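Here the structure comes first, spelled out in structure tokens, and everything after it is commentary.
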Amino acid sequence: MRVALVPGPGKSGVLASLADDGTPLSPPVEVPDLAAAVARREADDPVRWVWDCGGRVYPTLLRAGVRVARCHDAALVDGLLTARDGPASRPGTLTAASARRAGLAAPGDPVPSGVREIASQLLFEEPPAASAHELLAELITVHKDQLGRIGADPLASGFGLLATAESAGGLAAAEMTAAGLPWRADVHDELLTELLGPRPAAAPGMPLRPARLAELTAQISAALGAVRPVNPDSPAQLLRALAASGIRVPSTRVSVLRAVDHPVIPLLLRYKELARLHTANGWSWLDTWVAGGRFRPEYVVGGVVSGRWATRGGGALQIPRVLRCAVVADPGWTLVVADAAQLEPRVLAALAGDRAFAQTAAGGDVYAAVASAVGADRDRAKVALLSAMYGGTGGDGGQSLALLRRRFPQASAFVEAAARAGEEGRVVRSVLGRTCPPPSAAWLSVTSESGDPELERDPEAGRASRARGRFTRNFVVQASAADWALVLLAGLRARLAALDVDGQRPELVFFQHDEVIVHCPAGLAAEVVTAVEAAAASATNLVFGATEVSFPMTTAVVTAYSDAK
DNA sequence: TCAACAGGCGCG
DNA sequence: AAAGCGCGCCTGTTGA
């Protein structure tokens, strides 16, 4: 059973039951308390809620203590379909719905990524606010249209799974934001103080460097023999000061500086490390993003073209390793940290239908297995494999790359074909059918062939073409890995819901590409680990069908995130 | 004065 | 000969 839902004024809402093909079964029903109505239906029988944008609707339900098991998120599905069919394919009704959504949004409100562009175009037209009944009618039309377009996909079942998983991802994202990642502000503060010195007093308009950074700055200037103090935060200034000391470098990147032998280098490297911590995850970050012992990032489902998630604010997907000691389970609770081991090479093995490579990826360490298969050491094999997926030659791994091609011709041909498609301006799709963006107008104009043989040799054309080849080469792997991880997340979420004991519910609290963290009562950790493994096995089967490739999860039951791995 | 850009670095 | 993929966010600089 599907039920379409649109919030109305106050706590009210409008509902309509739909058949599985999206046809309305009865006239819309107004309810005074939407959350209560949803909770009743959810308890009765399995419902797939159809709504326009879970990111907006669901947090309200969660605040009222109501969870749902399944949904169809029309905004997220629109993103998938628009990536597949192009913006011109978007039906008029959805455009109108997007416009209304944008019109109803407060200025500066985030708009779901799939409709961001069109919404921003229409934002200025001040569309009239539509009634909940009008919006529901539109939603029903859009939903039915989407079901038809999903069904028409050449990868119908895969693409349908993707739409379902993307929608479930929307639910998980809202729930994770509501739950928050356990974060010990006191531990974080202690670490900052230990590394940087005491927190500088707030000086209006005059941000102070913490003691340790000020000290290093002075030492750096001295080591460079600079007359005036050098600001290490200014690459241009630093570059000049280095040159004045006879150090000629193309940039001030850590990787470049590391190769230089000079007394100032260790000071600079230390400064960069600490300054990064201070600016990216220092006290002001703590003030801004951590409250009540929780860090609550806002996830952007499908925010990356490959289907990976992004986050808005707080840089949640770049939590530095040194800070992971601040992620600590509540007393009596524990963290289950699980990540998919060597996900991308395994995905390539499963995708490419390369028997030899699949057998190689059937075991515990793909890189070691590849190394022994091609007769190279593990490091070289790893670089070669990554190069094959990223489009580099791997420098040192170049030879191994050639061996890789000989030993695993089908896997190589698979990524090469993806690269050719990109270079020629075509699009590629993930295993479940997520579609990469078409080439930009700028790319087309740079690479378009002209009759003039002089122009054809424009090196810019070749560069742009190869760059897009690397992008599509990587896309098929990264996006398929994202497919798998999303299906894992959806399955895990469902399994965890079944472990709910009197509100002592294991909570998904973090998701980062190929890694999840579950916060659970200590007594449930073993069951959570089992759930993770079952979800991984199920994801493998749903996404890749029968395959020899294994997708093992590395799980750790820990008190602090830093204790994992 | 402020927005856009460049350089840089954190994560996968 | 050299170079890989995808992000978010910070500071400093530049230019309208």
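Sequence lines set the chain letters: A, B, ... in the order given, protein chains first and strands last, and positions in each chain run from 1. This one's a predicted model, so the numbers in the text were calculated from it and none came from an experiment.
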If you compare every side-chain N and O of [X] against the phosphate oxygens of [N] (OP1, OP2), does one of them come in below 4.0 Å?
{"X": "Ser251(A)", "N": "dG8(B)", "value": "yes"}
{"X": "Lys272(A)", "N": "dG8(B)", "value": "no"}
{"X": "Asn231(A)", "N": "dG12(C)", "value": "yes"}
{"X": "Thr252(A)", "N": "dG7(B)", "value": "no"}

Assuming nearest nucleotide by heavy-atom distance, tell me which of Asn474(A) and Ala236(A) is located more 5' along DNA chain C.
Asn474(A)

If you look at every strand shown and take non-hydrogen atoms under 4.0 Å, does [X] touch a base, only sugar-phosphate, or nothing?
{"X": "Leu277(A)", "result": "nothing"}
{"X": "Arg470(A)", "result": "sugar-phosphate"}
{"X": "Val477(A)", "result": "nothing"}
{"X": "Ser306(A)", "result": "nothing"}
{"X": "Arg253(A)", "result": "sugar-phosphate"}
{"X": "Asn281(A)", "result": "nothing"}
{"X": "Arg321(A)", "result": "sugar-phosphate"}
{"X": "Arg468(A)", "result": "nothing"}

Specify the separation, in whole Å, of atom [atom1] of [X] and atom [atom2] of [N].
{"X": "Glu273(A)", "N": "dC10(C)", "atom1": "CD", "atom2": "C1'", "answer": "17 Å"}
{"X": "Phe295(A)", "N": "dG8(C)", "atom1": "CZ", "atom2": "P", "answer": "14 Å"}
{"X": "Asp339(A)", "N": "dC11(B)", "atom1": "CG", "atom2": "P", "answer": "14 Å"}
{"X": "Leu269(A)", "N": "dG8(B)", "atom1": "CG", "atom2": "P", "answer": "13 Å"}
{"X": "Leu242(A)", "N": "dG7(B)", "atom1": "CG", "atom2": "P", "answer": "16 Å"}
{"X": "Asp514(A)", "N": "dG12(B)", "atom1": "CG", "atom2": "P", "answer": "8 Å"}
{"X": "Arg276(A)", "N": "dG8(C)", "atom1": "CZ", "atom2": "P", "answer": "13 Å"}
{"X": "Tyr390(A)", "N": "dC7(C)", "atom1": "OH", "atom2": "P", "answer": "13 Å"}

I want to know whether Trp289(A) and Trp283(A) have ring centres closer than 6.0 Å.
no

Answer with yes or no after comparing the ring centroid distance for Trp443(A) and Phe471(A) against a 6.0 Å cut-off, counting only values under it.
no

Which atom names give the shortest non-hydrogen contact between Val230(A) and Ala241(A), and what distance separates them?
CG2-CB, 3.7 Å

Taking every non-hydrogen atom, the tightest pair across Gly54(A) and Pro59(A):
O-CD, 3.2 Å

[X] has a side chain; which of [options] sits nearest to it?
{"X": "Ala310(A)", "options": "dC7(C), dT11(C), dC11(B)", "value": "dC7(C)"}
{"X": "His513(A)", "options": "dG8(C), dG6(C), dG12(C)", "value": "dG6(C)"}
{"X": "Val254(A)", "options": "dC7(C), dC9(B), dG12(B)", "value": "dC9(B)"}
{"X": "Asp233(A)", "options": "dG12(B), dT11(C), dT13(C)", "value": "dT11(C)"}
{"X": "Pro320(A)", "options": "dC7(C), dG7(B), dC11(B)", "value": "dC11(B)"}

Distance between the P atoms of dG4(C) and dG8(B), in whole angstroms?
15 Å

Between Trp183(A) and the options Trp285(A), Phe510(A), Tyr561(A), the ring pair (Phe, Tyr, Trp, His ring centres under 6.0 Å) test singles out Trp285(A)

Once you apply the 3.5 Å cut-off to both distances, tell me the Watson-Crick or G-U wobble partner of dG4(C), or none.
none

Glycosidic conformation of dG4(C), taking syn as within 90° of 0 and anti otherwise:
syn

Taking atom NE2 of His513(A) and atom CG of Asp339(A), what is their separation to the nearest 0.5 Å?
12.5 Å

How about CD on Glu190(A), more than 12 heavy atoms from neighbouring residues, nucleotides or ligands closer than 6.0 Å, or not?
no

